[in-house]
Participant: 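Just passing along the structure, written as structure tokens.
Just so it is clear, the structure is predicted and the values come from calculations on it, not from any experiment. Residue numbering restarts at 1 for every chain, and letters A, B, ... go by the order of the sequence lines.
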There are 2 protein chains.
Amino acid sequence: MNQYSFTEENYLKAIYKLSERDDGKVTTNQIAEIVKTAAASVTDMLQKLSEKKLILYQKYQGVSLTLSGKKIALGVIRKHRLWELFLTSKLGFKWDEVHDIAEQLEHIQSEKLVQNLDRFLGKPKFDPHGDPIPDENGKFQSQKAFPLSDAKKTYTLTITGVIDHHPDFLQYLDKCGLALGKKIKVQGKTGYDNSMNISFLNSKQQLFISFDVAKNILVTL
Amino acid sequence: MNQYSFTEENYLKAIYKLSERDDGKVTTNQIAEIVKTAAASVTDMLQKLSEKKLILYQKYQGVSLTLSGKKIALGVIRKHRLWELFLTSKLGFKWDEVHDIAEQLEHIQSEKLVQNLDRFLGKPKFDPHGDPIPDENGKFQSQKAFPLSDAKKTYTLTITGVIDHHPDFLQYLDKCGLALGKKIKVQGKTGYDNSMNISFLNSKQQLFISFDVAKNILVTL
DNA sequence: ATTTATATTTAGGTTTGCCTAAATTAATTA
DNA sequence: TAATTAATTTAGGCAAACCTAAATATAAAT
């Protein structure tokens, strides 16, 4: 009944994530970039998803998800994030190792499995990268976090998430001692290249980070 | 490099399980039965697997696994059984609910995931149905268990496994109070239909089970 | 040893998801 | 507004894994 292919789920997830950012119509090329296929293949799939009423699609006009499409996308994202948390909190994986495995696990079909896993993990609200985990109805708390690059001086900030999930980036943060929950303060900003000088609470340690890095770190006041 | 498709893995697993029993060449129709496809489709796949040197295949002569084929099959079985145990021991599933989910999970590709899961579960030797779990080298203890239907009277027996894994059968055992580890004694056998009268240790409870049921229960002395 | 039955393979065709190249539409720039 | 560029779609094709029907090989029965 409710069975969609691995590939279909990945397209829906990609469309969801794109429309989350741009908050409008998603284009063929954007999707092609994410799912790593030729644009022509994307067009094929869009026609198929449209027939199944999972997306709204008109030639050349971009796409958006229908309610059913969004539900499926959120279900996949929910599974992805639960599995990521499982891998780190129970199996001892580091946060830079879990993405590829969760990309596979997110397609396992079993409503009961998701519910039991959710309970086993204690109905968590956030995954190891600080992303919110949708509940069984697709609802989640959207964080009021903002990129560190937007931060003013003086305030004490808490690191609550990352935007870039690439292993290289995460490993770099590890090396700097930057982890979720860490409290930091912006000591200074260089006007020229927007790089930042930050310090940790309870430590004299200082750190320089580039604008590109700061853009990908999410913090709250 | 070491990547085989979902389907290829299922064929190899089927061939492994069939050759375990009959201990010889496996036929096209036997495989077709297990993987639930037409015999002609099996022939297609056998030719493909043969080219990849995962099986030894000659037209009309049946097949057997090569060493590489066997390794892959055992890897899949290892994963299947580890996941089944995870589902029952950590997520609260019952032994009749885990098969279909494990059929999906067994194809997740990540050597590290398997190792970490194995460690998380305490390097278990048996799955929830009493089947041995191969280690990272494909080695496992083959049980010296035998079907309850072959048991003589008098001895106290321990239930250590089941042959049939169908939910119906397992639920029936649950209803009878027959579970792994339970100690029983054969009180009598009916010559006519080979049905059995068994009793539990530490209980006056008596039970009649058919020959068909007894054939699918494994016990040790 | 033939004949009959069963098992297996070949032939031809489908679907899914992908590709490249060519055509078309939309967006941008002159 | 016309011309150029970029994005998107159509056309035609490929590989994987499946199917049915027909052909062929093996096994069983007379």
Participant: Does anything in residues 27-39 of chain A reach DNA chain D, meaning a heavy atom under 4.0 Å, and if so which residues?
Facilitator: A:T27, A:T28, A:N29, A:A39

Participant: Would you kindly give the CG-to-P distance between A:L49 and C:dT16, to the nearest whole Å?
Facilitator: 12 Å

Participant: Should A:S41 be listed as having a side-chain N or O under 4.0 Å from OP1 or OP2 of C:dC18?
Facilitator: no

Participant: Could you tell me whether the side chain of B:V63 reaches within less than 4.5 Å of the side chain of B:I31, counting heavy atoms only?
Facilitator: yes

Participant: Does B:Q171 have more than 12 heavy atoms from other residues, nucleotides or ligands lying within 6.0 Å of its CD?
Facilitator: yes

Participant: B:W83 vs A:F86 aromatic rings, parallel, tilted or perpendicular, using cut-offs 30° and 60°?
Facilitator: tilted

Participant: Give the rounded distance in Å between these two atoms: NZ of B:K25 and C1' of C:dT8.
Facilitator: 15 Å

Participant: Output yes when B:E106 and B:R78 qualify as a salt bridge under the 4.0 Å nitrogen-oxygen rule, no when they do not.
Facilitator: no

Participant: At under 4.0 Å between heavy atoms, what does B:F6 touch on the DNA or RNA strands: base, sugar-phosphate, or nothing?
Facilitator: nothing

Participant: For residues A:K17 and A:I77, determine if any side-chain heavy atom of one lies less than 4.5 Å from a side-chain heavy atom of the other.
Facilitator: yes

Participant: How is A:T43 classified with respect to the nucleic acid when contacts are heavy atoms under 4.0 Å: base, sugar-phosphate, or nothing?
Facilitator: base

Participant: Whole Å only: how far is the CG atom of A:D44 from the C1' atom of D:dG13?
Facilitator: 12 Å

Participant: Within the 4.5 Å heavy-atom criterion, are A:L178 and A:I198 side-chain neighbours or not?
Facilitator: yes

Participant: Among residues 52-66 of chain A, which contact DNA chain C at a heavy-atom distance under 4.0 Å?
Facilitator: A:Y60, A:Q61

Participant: Atom CG of B:L46 to atom P of D:dA16: distance rounded to whole Å?
Facilitator: 16 Å

Participant: Tell me the interatomic distance from B:M45, atom CE, to C:dT8, atom P, rounded to whole angstroms.
Facilitator: 17 Å

Participant: How close or far is atom C1' of C:dT16 from atom CD of A:E51, stated in whole angstroms?
Facilitator: 13 Å

Participant: Answer yes if the ring centres of B:H99 and B:H129 are under 6.0 angstrom apart, and no otherwise.
Facilitator: no

Participant: Can you tell if the side chain of A:R81 reaches within under 4.5 Å of the side chain of A:P128, non-hydrogen atoms only?
Facilitator: no

Participant: Would you mind checking if A:K13 and A:E8 are paired as a salt bridge, meaning a charged N to carboxylate O distance below 4.0 Å?
Facilitator: no

